[in-house]
**Q** 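Handing you a structure now.
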Amino acid sequence: MKNILRLTALSMLLALSWNAGAQKYQGGLVDKTIAVVGNEMISLSQLEGEIMSMRIYGNYFSDKNVRCEHLEQMLESKLFLMQARVDSLTVNQEMVSSQLDQHIDKVKTQLGGDEAVEEYFGKPLYKLRQEWQQQFEDMSLTQQMQGQIADKIPDLTPHDVRLYLAETDPDDLPLVPVKYQLSQICVYPDREAAALLVKEKLLNIRERIINGEKFSTLARIYSEDPGSARKGGELGMASKSIFWPAFSDAAMSLKPGVISQIVETPDGFHLIEVLEKRGDMFNARHILIKPSYTDEDRRKAFNTLDSLRTEILNGAVTFPFAAKFYSQDLPTRTNGGQMADPNTGSSYFEIDQLKPQDYAAIRDLKEGEISEPVESVDNEGRGNTVYKIIKVDKIIPSHIASFDNDYNELLNEATMKKQSAAIDEFLDSKLKTTYIVIDPLFRDCEFSREGWNKIARTGVAE
């Protein structure tokens with residue numbers, strides 16, 4: 001029975017490859033089925049299509065090794081996908097729709113619109129959308145299946161973590177990087193006055209454009225967006241979703257050739273001229289000017305911070321008290337100035353999680369010491385100018401993870417190791433029981449999993 005199934009599947013493969021031989025894609029290259037995993041198939045055009053998608057973002061791949069690596073990922077995904085179908089898992093359509101829209105927006109923006117996308121991939125956009133939707137649906141099922149396998153690992157106990165420590169070579173234990181716990185007192189410059197100056201400058205520029213001067217010329221002179229200024233402020237055809245909402249709304253409401261009123265975004269203040277609109281995409285020019293601050297702004301803020309620092313060092317007031325009453329950064333002021341990572345909520349920072357200006361200010365300080373005033377940026381938008389002093393509350397030196405000091409890190413590592421082993425066990429088991437064919441084109445690949453290598457050498461799973 002097993003041989004009959006193999007013969008039937010092999011016949012199907014040969015028939016599909018023969019039929020695919022009449023199909024062309026991407027400049028005349030013949031398409032073909034290059035792998036069969038159970039009842040799931042992978043075509044050469046699918047592999048090359050994914051490579052082409054990766055190239056869009058500047059990753060140029062031409063050697064066979066990269067294709068081997070990517071093919072192995074696709075093969076393993078098929079094993080998860082087959083089991084997901086057996087287990088009747090359902091696609092998260094909301095997530096798929098969101099991912100698909102984001103992907104299409106990025107591709108259209110990178111290539112320059114619908115026509116450019118169709119020319120690059122050699123297919124109409126509706127067909128690409130269908131193919132990409134299928135890929136994202138398969139990815140949804142694959143990720144759910146991997147999650148189910150990982151979730152079957154029971155929660156580890158402290159005893160399990162101690163076993164992990166005992167069984168792991170000390171050189172293989174995680175290295176915990178140096179961590180800082182910090183507090184800050186922030187003072188902002190007079191942003192309203194700076195914004196008013198910017199608006200006055202942009203109103204003058206807008207009047208000059210309306211009176212006949214070229215938008216592109218003034219953009220080259222005045223715009224503070226280095227990427228577009230040298231191109232006369234032109235941004236290129238792009239999806240509205242990649243811009244700040246205020247910018248997109250203003251651009252989409254303009255008729256080509258009309259100059260916008262001043263538009264404020266977290267990047268600064270803009271004048272916009274739309275050149276072309278296609279559906280939810282547009283090509284526009286803009287002039288960006290950001291609020292700037294004078295030496296006097298900096299001097300005033302530094303004087304205030306210097307006075308607070310002196311009072312704290314003299315014991316007249318504590319740092320948390322001063323932060324609560326004088327700091328202008330709302331998120332940290334309510335916690336006595338203590339900083340927290342906005343992404344994780346943790347009060348400990350590794351070096352690469354700190355802003356460069358902040359790290360430069362505290363890198364030579366000891367616990368309990370307070371930095372001199374420093375100019376930095378906040379977490380709003382892409383960062384607004386702020387002046388601050390920073391107190392080093394605690395420093396945890398870099399060290400090999402230990403049970404007493406780094407239990408959570410070790411728990412995570414031990415859990416990940418167990419989950420990885422469960423996934424490896426699943427793949428190895430499926431490799432032995434699933435009908436698999438890999439085209440001789442990939443016979444010389446050095447796959448990371450030996451099971452794939454054995455199949456690739458012989459063409460069909462034993």
Side-chain angles (χ1 to χ4, degrees), residues 176-198 224 266-269 289-399 405:
V176 180
V178 60
K179 293 183 179 181
Y180 296 89
Q181 190 178 59
L182 307 169
S183 297
Q184 64 181 7
I185 297 174
C186 298
V187 174
Y188 282 99
D190 188 343
R191 289 187 282 185
E192 288 187 10
L196 183 61
L197 289 174
V198 170
E224 296 176 19
D267 288 336
F269 297 88
I289 299 181
K290 305 175 182 181
S292 59
Y293 305 101
T294 65
D295 289 341
E296 181 62 16
D297 292 317
R298 189 174 186 272
R299 186 187 65 78
K300 286 181 180 178
F302 273 35
N303 284 344
T304 299
L305 292 169
D306 261 329
S307 297
L308 286 172
R309 183 174 182 272
T310 300
E311 292 294 305
I312 294 167
L313 293 176
N314 289 339
V317 65
T318 65
F319 196 100
F321 183 89
K324 185 174 182 179
F325 284 93
Y326 297 104
S327 181
Q328 296 175 4
D329 181 64
L330 294 178
T332 58
R333 185 174 70 185
T334 55
N335 294 322
Q338 187 171 92
M339 298 166 63
D341 187 321
N343 298 314
T344 65
S346 172
S347 62
Y348 287 94
F349 294 84
E350 297 175 14
I351 290 173
D352 59 1
Q353 294 173 313
L354 290 171
K355 296 178 177 66
Q357 304 93 322
D358 291 3
Y359 177 64
I362 60 96
R363 64 185 175 188
D364 296 325
L365 299 184
K366 299 181 178 66
E367 285 188 5
E369 294 184 338
I370 302 171
S371 75
E372 298 289 340
V374 61
E375 180 177 331
S376 187
V377 292
D378 64 12
N379 294 322
E380 298 299 319
R382 292 186 176 92
N384 299 309
T385 297
V386 65
Y387 307 107
K388 62 173 69 175
I389 53 175
I390 307 171
K391 178 175 178 287
V392 178
D393 297 320
K394 190 173 183 180
I395 301 174
I396 300 177
S398 177
H399 60 280
N405 298 321

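The structure displayed is predicted, hence computed values, not measured ones.
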**Q** Report the residue from P373, C186, P189 that forms a side chain to side chain contact (heavy atoms under 4.5 Å, CB included) with Y387.
**A**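 The side chain to side chain contact (heavy atoms under 4.5 Å, CB included) with Y387 is passed solely by P189 among P373, C186, P189.
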**Q** Counting C-beta onward and ignoring hydrogens, is there a side-chain heavy-atom pair between V392 and E369 closer than 4.5 Å?
**A**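 Answer no - side chains too far apart.
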**Q** Side chains of Y293 and R191: closer than 4.5 Å at any heavy-atom pair?
**A**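 The answer is yes; the side chains approach within 4.5 Å.
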**Q** Under 3.5 Å, is there a donor-acceptor pair between the N379 and K355 side chains?
**A**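 Short answer, yes.
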**Q** If we only count heavy atoms from C-beta on, is the K394 to K179 side-chain gap below 4.5 Å?
**A**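 No; the side chains remain at least 4.5 Å from each other.
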**Q** To the nearest 0.5 Å, how far apart are CG in L182 and CG in L365?
**A**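 Here the rounded value is 9.5 Å.
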**Q** For D358, what residues pass the side-chain hydrogen bond (donor to acceptor under 3.5 Å, both in side chains) criterion, not counting sequence neighbours?
**A**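 side-chain hydrogen bond (donor to acceptor under 3.5 Å, both in side chains) check on D358 returns S376, K388.
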**Q** Would you give me the side-chain donor-acceptor pairs under 3.5 Å for residues 306-321, sequence neighbours excluded?
**A**
residue	atom	partner	partner atom	Å
S307	OG	N303	O	3.0
R309	NE	I370	O	3.2
R309	NE	S371	O	3.0
R309	NH2	I370	O	3.0
T310	OG1	D306	O	3.0
N314	ND2	T310	O	3.3
T318	OG1	F321	N	3.2

**Q** Does any non-hydrogen side-chain atom of Y180 lie less than 4.5 Å from one of Y359?
**A**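 Yes; the side chains approach each other to less than 4.5 Å.
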**Q** Using a cut-off of 6.0 Å, state whether more than 12 heavy atoms not belonging to E296 lie near its atom CD.
**A**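 Atom CD in E296 is packed in, count exceeds 12.
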**Q** Does any part of the side chain of D297, heavy atoms only, come nearer than 4.5 Å to the side chain of T385, both counted from C-beta?
**A**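 No, too far: nothing below the 4.5 Å cut-off.
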**Q** Nearest 0.5 Å, what's the CG-OG1 distance between D378 and T332?
**A**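 D378 atom CG to T332 atom OG1 measures 10.5 Å (nearest 0.5 Å).
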**Q** Would you check if V386 and Y188 make a side-chain contact, meaning some heavy-atom pair closer than 4.5 Å?
**A**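 Heavy-atom side-chain distance check passes, below 4.5 Å.
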**Q** Are any of the side-chain heavy atoms of N405 and V176 separated by less than 4.5 Å?
**A**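 No; the side chains remain at least 4.5 Å from each other.
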